[in-house]
Protein chains: 2
Amino acid sequence: MAYATIRDVARRAGVSVSTVSRALNDSGRISQETRDRVRQVIEELQYVPDSRARSMHSLHSQAVGLLIPDIRNSYFADLAYSVQHELLRHDLQTLICTADDRPDQERTLVGNLLGQHIDGAIVVPSPSPSPAVDRLLRQGIPVVYIDRTPSAGPDGQTGRVPVVDADPRSGLRSAIADLHAQGHRRVTLITGSLEDSDTLRERRRVFERELSRFPDMSDPQTQDPGIRLGWEPGSTARNARLAAVLKERGTTAVVFSRSQDAIEALGTFQGAGWVIGRDLSLVSFDDLPIFSLLTPSISVISQQVDRMGAVSVATLLRLMKGEEARSLRLETRYIRRQSVGPSPGSAAGVTAPPGTPVLPNGRRVCKGQPGGTGNDP
Amino acid sequence: MAYATIRDVARRAGVSVSTVSRALNDSGRISQETRDRVRQVIEELQYVPDSRARSMHSLHSQAVGLLIPDIRNSYFADLAYSVQHELLRHDLQTLICTADDRPDQERTLVGNLLGQHIDGAIVVPSPSPSPAVDRLLRQGIPVVYIDRTPSAGPDGQTGRVPVVDADPRSGLRSAIADLHAQGHRRVTLITGSLEDSDTLRERRRVFERELSRFPDMSDPQTQDPGIRLGWEPGSTARNARLAAVLKERGTTAVVFSRSQDAIEALGTFQGAGWVIGRDLSLVSFDDLPIFSLLTPSISVISQQVDRMGAVSVATLLRLMKGEEARSLRLETRYIRRQSVGPSPGSAAGVTAPPGTPVLPNGRRVCKGQPGGTGNDP
DNA sequence: CTGAAAGCGCTAACAC
DNA sequence: GTGTTAGCGCTTTCAG
């Protein structure tokens, strides 16, 4: 069935196309009466204005591109959801593009986006500087980086792009304070290979700094409070080795920099006879939905993706209005759950220290409530 | 910076716009020489044709809508990924819309899609018949349903929409056969409330039928091999009750109809001192990425989302070409992992029965390889 | 308050 | 082979 056009409506309502247009947009001068009649006809004909034709004049396509590495990753899916809903509130459509961190695919996708004359873009920058994103920038399209700080490219271009990401400090500080209060003195960070990622490098650096605020938590034997794991996907051998190292160090609590490592190691720890939250306390970055579903539920340092989505959209809107916009770091938040308990052989931890933000057994609402992480009061 | 238009290119190349158009589309007669020159200029100007203007003629927008309940759900995210990549191979853009199973939101989103004159749509039908989707149908837009069979609405409209979904039979049959071979005789299905979902109802029905093929597996005490769980999100109490019921029944193996229930129950079972794969064998529907990461890894009945995406796209393409397209049910596949082991107190299960499709500790490749589930030879 | 007409960027006849 | 021209469906002056 062919689409009804504005002419069809005009004809049927006995008016001209410009009158219909005015009725559609509440613009210009139009009498209440004709407006109602036109609206009536629009209903009858199930007329939907062609947004393509429309946007060719307005210079606004009402569409925003969202470039992420992989939609299958829970974290990015949450982010996409949040961004999309926030944009929808502003009558903007989100074009979700999964670039797989592959430059060629990025090129194709950005080409598509340019062809549609998107009004703006929200981009998770890939590890290496991206020529595709530069193209957006050169075209003068407002861009906001999200989640990762891009490696400063040699071209000054990216210099003026606002970044919205998470500051690991607040979350790590609370987590370490809580672990300390629970009597833990030997806390180990488990991180991925640091070369790959600024994010991981920063977490590591901040972890060390925050740990050093407690003199009794420094480890006299090992200078190095962190353990690096390669990217080999969770070999059992690797996790077994990990368990051995922890035992040798006398570690009573671990913080995982990458949620995936935490998931993989969990079973190994339990298989080794450790009860998580009793024999070993465990905290992971990223508040994945699954972490609150598992038993024991896993304490996390939340990146607050919902807020990140909302804030990045707000930043983009500002840019789109031609206003200035600055980079912003969101606080991470420590959420205590069952996986953290008092250190074995310690009398501490019966009560949490005042001021520690703790949500015992915090549960995440999954359906329908974007903000339902329970983080915000 | 303003976009370069086809006129800019024409002017600069010293030709007319139609010549540029021909160079762009390799259509009509054009000399090699001028074509190269035009291409040259296009490069220089970084010219990108305006797909909106373009599509106003061709009657094709090269865009397809994908309507899913929630992108945050791993299962749908996987599906979206698969669909999007498959469509991209055919130079079609995917407009991912998360409808939250809310009719009003569906209305808005479908309105947007109509406004863009999408060439087709792939839709996960919501439990109740959707007026929004009917609107697409009335407009004559090719639609394919995916994953769920829609409740037959009173309007004949939806009758002619092909459905691509998963047939639980093959997977359940293999799973039950494997469990039987492992010595399990008391197998229980754990399902959600059946009223909500045709899918769950069917799984339940097929489970009973497949179970009855083994005379020694029927349960003399309980007529009812299934346990229904409400939707209360994983209350500890509920899971504890579940454990008690299983013990009382003498169940040695469980099959979860909903992956979420499996995740929630896992910890409770382990907390009760059961070793999964030894004291209790466990199979879940849906091959979520996490299931292969956990220790023990979880045996699953895979819906083969990758294939489902590919097949639904193929079906849609057929429809878009005006050809007939039929509904299709994909086989589900049982993938054995560590969570299934021999029944306690049974001598069986040392070897798997011949012909049973088994992938011990099957691991899912997450990055970069759409087809990397390891299901396809 | 309403209508006629120009044009957004592109494609597709039709001429030359 | 290439240029001219008429639209696609809409918004937006500019007259009435």
Side-chain angles (χ1 to χ4, degrees), chain A residues 1-39 41-42 45-63 111-119 139, chain B residues 1-39 41-42 45-63 111-119 139:
Chain A
M1 199 171 328
Y3 285 92
T5 76
I6 198 173
R7 300 176 108 93
D8 299 329
V9 177
R11 195 158 24 230
R12 183 126 178 215
V15 294
S16 73
V17 286
S18 39
T19 304
V20 177
S21 176
R22 281 188 275 261
L24 275 173
N25 307 301
D26 276 328
S27 65
R29 289 162 300 253
I30 186 173
S31 77
Q32 178 71 27
E33 191 187 5
T34 47
R35 216 201 51 170
D36 287 348
R37 187 152 40 90
V38 170
R39 294 259 168 110
V41 175
I42 286 177
L45 259 51
Q46 291 270 346
Y47 165 72
V48 179
D50 186 328
S51 58
R52 302 166 305 171
R54 211 171 203 181
S55 72
M56 287 188 57
H57 287 264
S58 59
L59 299 185
H60 296 297
S61 60
Q62 305 287 51
N112 283 347
L113 294 177
L114 278 173
Q116 284 168 82
H117 291 208
I118 50 167
D119 294 339
Q139 195 51 253
Chain B
M1 198 167 331
Y3 285 91
T5 77
I6 198 172
R7 300 176 109 94
D8 299 329
V9 178
R11 196 158 24 229
R12 181 124 178 215
V15 294
S16 74
V17 287
S18 43
T19 304
V20 177
S21 177
R22 279 188 276 259
L24 275 173
N25 306 304
D26 277 327
S27 66
R29 290 165 299 254
I30 186 173
S31 77
Q32 178 71 26
E33 191 187 3
T34 48
R35 214 200 54 168
D36 287 348
R37 186 152 40 92
V38 170
R39 295 258 168 111
V41 174
I42 286 178
L45 260 49
Q46 291 271 345
Y47 165 71
V48 179
D50 187 328
S51 57
R52 303 166 304 171
R54 212 171 203 181
S55 72
M56 287 188 57
H57 287 263
S58 59
L59 300 185
H60 296 298
S61 60
Q62 305 286 51
N112 282 347
L113 294 178
L114 279 173
Q116 285 168 81
H117 290 209
I118 50 167
D119 294 338
Q139 194 51 252

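Values reported hereafter were calculated over all heavy atoms of this structure, with side chains retained and with hydrogens, waters and symmetry mates removed. Letters A, B, ... mirror the listed sequences (proteins, then strands); counts begin at 1.
Put simply, B/S58 has no side-chain N or O that comes within less than 4.0 Å of OP1 or OP2 on C/dT11. Residue A/S18 places no side-chain N or O under 4.0 Å from the OP1 or OP2 atom of C/dT2. OP1 and OP2 of C/dC10 both lie 4.0 Å or more from every side-chain N or O belonging to B/Y3.
Residues B/V17 and B/I30 both approach DNA chain D. Their nearest nucleotides, taken by heavy-atom distance, put B/I30 toward the 5′ side.
Contact detail for B/R52 and A/Q116: the closest heavy-atom pair is CD-O, 3.8 Å.
Residue A/R54 is classed as a sugar-phosphate contact, given heavy-atom separations below 4.0 Å to backbone atoms only. As judged by a 4.0 angstrom heavy-atom cut-off over every strand, A/S55 is placed among residues making no nucleic acid contact.
Counting only N and O atoms by type, the side chains of B/S21 and B/S18 include no donor and acceptor under 3.5 Å apart. Between the side chains of A/S55 and A/S58, no donor-acceptor pair is found at a separation under 3.5 Å.
Evaluation of atom-type donor-acceptor distances gives no pair under 3.5 Å for the side chain of B/S21 against the base of C/dA12. For C/dG3, the base has a donor-acceptor partner in the side chain of A/R22 [N/O atoms by modelled type, under 3.5 angstrom]. The base of D/dT2 does not come close enough to the side chain of B/S31 for any donor and acceptor atom to sit less than 3.5 Å apart.
The CG atom of A/N25 sits 13 Å away from the P atom of D/dT13 (whole-angstrom rounding). The interatomic distance linking B/Q116 (CD) with D/dC10 (P) rounds to 14 Å, in whole Å. Rounding to whole angstrom units, CZ of residue A/R29 and P of D/dT12 are separated by 14 Å. Put simply, NE2 on A/H60 is 17 Å from P on C/dC8, counting in whole angstrom units. Nucleotide D/dG9 holds its P atom 8 Å from the NE2 atom of B/H117, rounded to whole Å. Protein atom CG of B/L59 is 11 Å distant from nucleotide atom C1' of C/dT11, rounded to whole Å. Atoms CG (B/D26) and C1' (C/dT11) sit 15 Å apart, rounded to a whole Å. The interatomic distance linking A/R7 (CZ) with C/dG3 (P) rounds to 14 Å, in whole Å.
Among C/dC1, D/dC10, D/dC8, the nucleotide with an atom closest to any side-chain atom of B/M56 is D/dC8. In the set D/dT2, C/dT2, C/dC8, C/dT2 carries the atom at the smallest distance from any side-chain atom of A/T34. If you check C/dG3, C/dC8, C/dT11 against the side chain of B/H57, the one that comes closest is C/dT11.
Between atom OH of residue B/Y3 and atom CG of residue B/D8 there is a gap of 14.0 Å, rounded to the nearest 0.5 Å.
Within the 4.5 Å cutoff, side-chain heavy atoms of B/I42 are placed close to those of B/L24.
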